[in-house]
Amino acid sequence: MFVGDIGARAGRDGRAREPQVTVVFARVAGFPRMDAMSAATVDLMDYTDVISRYAPVLGMEVHVELGTATKMFCGCPTEFGAEPNTQVCPVCLGLPGSLPVVNEKAVESAIRIGLALNCSITPWGRFARKNYFYPDQPKNYQISQYDEPIATEGYLDVVLDDGEIFRVAIERAHMEEDTGKSLHVGGATGRILGASHSLLDYNRAGVPLIEIVTKPIEGAGERAPEVARAYVTALREVLKSLNVSDVKMEQGSLRCDANVSLMAKDAKEFGTRTETKNVNSLKSVEVAVRYEMRRQAAVLSAGGTIIQETRHFHEGDGSTSSGRVKETAEDYRYFPEPDLEPIAPDAAWVEELRGTIPEYPWLRRGRIQADWGLSDEVFRDLVNAGALDVIIATVDAGASVDAARSWWVAYLTEKAKEREVALEDLPITPKQVAEVAGLVEAKTINNKVAKQVVDFVLAGEGEPAAIVEAKGLGMVSDDSALQTEVDKALEANPAIAEKIRSGKIQAAGKVVGDVMKATRGQADAARVRELVLAACGVSE
Ligand code: ADP
Ligand code: MG
Ligand code: ZN
């Protein structure tokens, strides 16, 4: 076909069509416009006024990068942080003649995510080509799913801050591949505007992604920003518990786009939505939704209209600014991917995967808290310390809840902070902590020596019991050895000894302290105290 023929080209229905160049214009419009720069002067309506006049509607799109070892359609590694363009091959670079092959593990993860979100899993569905040009996408199309997604029609019950449950309906979860990364160089902001050139890294191109899309979320009212945050929080926890992704928002393995629109109280139809892209922390989700509600309300109440567009979120002041005018699905010219077979998961496989879906993390927490009989506050502290899983593992290895909790929440949290690592990355295992707790319990060592033992384990000196043995750290519990030290200490402090004999048993502390010093802290202090009092002929 000649280029000059486009304008007169007839559609399949025989009618002449408008030239199909909207994608090109949308892309040009996609560069940040000047109004993006004046975010600070935007009018915002007072939040209580927004709520009294409008009902917000939300739509959450979450992209999660799967933690598979290799990419969606080739064998390239997916590890984060490698040298640019070292994890690429003809398939993920889109070289002519290369052919994609589906990563089974990614399909398995997609199905498990669908099941965890109470979705139906499609018995048969194809991938689709989503056609658009962008430099970070070497094929000029993205392999995605369109009208035949792997999972549809689910829901997630989200627990709000006050314990109330809000059901978020899930429209679909579909598989696709990630794009590469562009780095815009030479400008002040790292954005394309003002940059002198751009660098491209295709390591991320082809990494498996699952996009999870909600149905429009209505009825949240004033709690809409909280619902948005609580939903992403819950979804993130579920994904983490499935062990399908590291869900690190700051590294981009979980990315969230927040769609927001407002309806006047008497309106029958949804308003026009904006889509704030890549909101990269849980707090930011809440801030961005609230900002959009206030901004849109101000525009609408002044007689303006909201245009359907993407918006950028600015971490600094929590504002959003205009991005690009939104393409419609037609612009992408979706069609079934001809290079891949349809996905047709066997019903038995799906059932087998259903058996691997863990209890929701918040339900599990509630059950464990009740089991352990801990107060909300104590339990919240250990959860916030990131210690729940290691404490569970330590209890499973034989320690008491109290001992496991106090080791991880106090001493080891301190050590983790010093080393700037997460608790589970400390070079001590829950099993070793349980072993130390066991030695204390058996009175082989006291608490003070136990800390030294833990320090030795952290320093890589081996297993706790072996360390106690090798370094002679066992408690001096041999009464005759202790008795000698007690007698010496009493002789050295005649005045105090006299006080104790006359019944002032508080004075015994000094003598006990001296004995502890003499035994390098390895004596059982309670036993020493008993021996001191006995030697002076008094009792508690
Ligand atoms: P797009 O391709 O534009 O990203 P998607 O269907 O992937 O569209 O996602 C749109 C999201 O916005 C969905 O979560 C959908 O439920 C939600 N949504 C649709 N209409 C509205 C609206 N008027 N206001 C708010 N959210 C909406
Ligand atoms: Mg989308
Ligand atoms: Zn590759």
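Just so you know, these numbers use all the heavy atoms, side chains as well, and skip hydrogens, waters and symmetry mates. Remember, it's 1-based here, ligands and their atoms both numbered in the order they're listed. Count residues from 1 along the sequence.
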With a cut-off of 4.0 Å, which atoms of ligand 1 are near a heavy atom of [X]?
| X | result |
| --- | --- |
| Lys215 | 16 (O) |
| Met60 | 14 (O) |
| Glu275 | 3 (O), 4 (O) |
| Pro216 | 16 (O) |
| Gly271 | 23 (N) |
| Gly59 | 12 (O), 14 (O), 17 (C), 26 (N) |

Next on the checklist: With a 4.0 Å cut-off on heavy atoms, is Met263 in contact with ligand 1?
Outcome noted: no
Are any of the N or O atoms of [X] closer than 3.5 Å to those of ligand 1?
| X | answer |
| --- | --- |
| Gln308 | no |
| Thr272 | no |
| Val213 | no |
| Arg273 | yes |
| Phe270 | no |

salt_bridge([X], [Y]) N-O dist < 4.0 Å:
| X | Y | value |
| --- | --- | --- |
| Glu377 | Arg380 | no |
| Asp178 | Arg255 | yes |
| Asp147 | Arg172 | no |

Next on the checklist: Restricting to side-chain contact (heavy atoms from CB on, under 4.5 Å), what partner residues turn up for Ile51, sequence neighbours left out?
Outcome noted: Tyr47, Glu222, Met293
Checklist outcome for this item: A correct count of protein N/O/S atoms found below 2.8 Å of the Zn ion (ligand 3) gives 4
Next on the checklist: Is there a side-chain contact between Thr179 and Tyr134 in this structure, where contact means two heavy atoms from C-beta onward sitting under 4.5 Å apart?
Outcome noted: no
Item to check | Atom CD of Glu104 with >12 non-hydrogen neighbours under 6.0 angstrom | outcome: no
Item to check | Partners passing side-chain hydrogen bond (donor to acceptor under 3.5 Å, both in side chains) against Thr122 (at least two apart in sequence or in another chain) | outcome: none
Item to check | side chain to side chain donor-acceptor pair (under 3.5 Å) between Ser261 and Arg273, intermediate numbers included | outcome: CA-CA 4 Å; Ser261 69; Arg273 68 185 158 106; over 6 Å; no
Checklist outcome for this item: Heavy-atom proximity to atom 15 (C) of ligand 1, picking from Thr214, Ile217, Asn259, points to Thr214
Checklist outcome for this item: By salt bridge (charged side-chain N to carboxylate O under 4.0 Å, His left out), Glu424 pairs with (sequence neighbours left out) none
Checklist entry - For ligand 1, which part of Arg172 has a heavy atom less than 4.0 Å away: the side chain, the backbone, both, or neither? => result side chain
Item to check | Donor-acceptor side-chain pairing of Ser281 and Glu250 below 3.5 angstrom | outcome: no
Checklist outcome for this item: Which of Tyr334, Tyr146, Phe73, Tyr141 passes ring pair (Phe, Tyr, Trp, His ring centres under 6.0 Å) with Phe127? Answer is Phe73
Item to check | Glu292 side chain vs Thr320 backbone, donor-acceptor pair below 3.5 Å | outcome: no
Checklist entry - Do side-chain atoms of Asp136 reach the backbone of Lys181 as a donor and acceptor pair under 3.5 angstrom? => result no
